[in-house]
Each structure stands twice: as structure tokens, then as C-alpha cells.
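Notes to accompany the following structure.
Please read all numbers here as calculations on a predicted model, not as lab measurements.
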Amino acid sequence: MKNRIFAGVAVAAVIGLGAVATPASASGFPGNYTVINTGTIGVASRYAPYLNAIDGYGAPAGGTVTVYCFVFGDPVGPYNNRLWHLVSYLGHNFYAPDRYLSTPTVTTNVPPPDEYGCQ
């Protein structure tokens with residue numbers, strides 16, 4: 001297990017088989033975003049950036065998640081957006097599709113400015 005520093009706090013951000021988030025940049029990440037485009041369902045918790053990697057309930061519609069880094073995975077939504085984010089909600093870390101977060105890039109495959117790629 002690897003520990004990384006996020007805004008001065010040591011966090012073990014290990015997901016599934018060992019994916020680890022990179023440190024936040026000085027210019028805005030980690031960042032907080034709202035869960036959107038899910039109706040009243042919310043977003044599932046996924047241990048990897050794939051639609052079939054569900055491991056439980058992630059965050060409710062309208063909830064605020066902290067985004068740490070991005071990866072590319074399965075395409076999601078009407079724009080086939082392949083961008084996913086490693087997020088945290090109430091202390092639980094998981095992957096969420098960009099399509100379901102209020103990032104400025106919901107219709108593209110481009111991460112928000114200054115967001116690191118996950119390592």
C-alpha cells in the first residue's frame with residue numbers, strides 16, 4: 001500500500017488491485033464536484049474505471065465528491081466520454097465517470113485543467 005500526500009494530509013488511496021492517486025497540484029486539485037446526470041440514483045462505487053467494476057454505492061445525486069486524479073476507461077453517456085476520476089465520498093475512495101460529475105469537461109475526453117493523471 002502506498003500513501004500519498006493530499007493538501008498536507010496523508011491518505012491511503014488504494015483502490016481494488018492497487019491503483020494509487022497522485023498528489024494534488026498547488027492550483028486546485030484535489031477539487032470538489034457535484035454528482036449530476038444520474039436522476040435520483042446517484043453514482044456507483046467502482047474499483048476500476050469500467051462499467052462492470054461495481055463494488056457498491058458511491059455517492060448520491062447532488063452529493064459533493066472530492067476528485068483526486070483522472071484515468072481513461074469505458075465510454076459513458078451520449079458523448080462516449082472515456083474520462084474517469086478517482087474520487088472520495090465520506091472517506092470511501094472509488095472511480096466515477098466524468099459524465100456524472102460537474103467537471104467543466106462532461107462532453108469531452110479532456111480532464112479539467114491542472115488535474116493529475118492517476119498512477
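- Following chains of ILVMFWY side-chain contacts shorter than 4.5 Å, one can reach L51 starting from L101, so the two form part of one hydrophobic cluster.
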side-chain hydrogen bond (donor to acceptor under 3.5 Å, both in side chains) between S45 and H92: does it pass, once the steps are laid out?
CA-CA 9 Å; S45 171; H92 178 66; 2.8 Å; yes
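- Between P112 and Y33, the shortest heavy-atom contact is CB-OH, 4.2 Å.
- In this structure, W84 CH2 and C69 SG are separated by 13.5 Å, a value rounded to the nearest 0.5 Å.
- Two residues are said to be in side-chain contact when any heavy atoms from C-beta on lie closer than 4.5 Å; V65 and V35 meet this criterion.
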Test log, rule side chain to side chain contact (heavy atoms under 4.5 Å, CB included), inputs V87 and F94
CA-CA 6 Å; V87 304; F94 58 95; 3.5 Å; yes
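- Considering only heavy atoms from C-beta on, P60 comes within 4.5 Å of Y89 through its side chain.
- Counting only heavy atoms from C-beta outward, the side chains of T66 and P30 approach each other to under 4.5 Å.
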Which pairs of donor and acceptor atoms, one on a side chain in residues 75-83, lie under 3.5 Å apart (sequence neighbours left out)?
from	atom 1	to	atom 2	distance (Å)
N81	OD1	L83	N	2.8
N81	ND2	D98	OD2	2.9
N81	ND2	T105	O	3.4
N81	ND2	V106	O	3.0
N81	ND2	T108	O	2.7
R82	NE	G73	O	3.3
R82	NH2	G73	O	3.1

Under the side-chain hydrogen bond (donor to acceptor under 3.5 Å, both in side chains) rule, what do S88 and N93 come out as? Steps first, then yes or no, please.
CA-CA 4 Å; S88 180; N93 298 323; 3.2 Å; yes
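- Counting only heavy atoms from C-beta outward, the side chains of L86 and V71 never approach each other to under 4.5 Å.
- Judged by distance alone, the side chain of N37 and the main-chain N or O of R99 form a donor-acceptor pair under 3.5 Å.
- Remark: F70 engages F72 in a ring pair (Phe, Tyr, Trp, His ring centres under 6.0 Å) (not counting sequence neighbours).
- Y95 approaches C118 most closely through the heavy-atom pair CE2-SG, 4.5 Å.
- Between the CD atom of E115 and the OH atom of Y68 there is a distance of 12.0 Å, given to the nearest 0.5 Å.
- Between V43 and Y57 the shortest side-chain heavy-atom distance does not fall below 4.5 Å.
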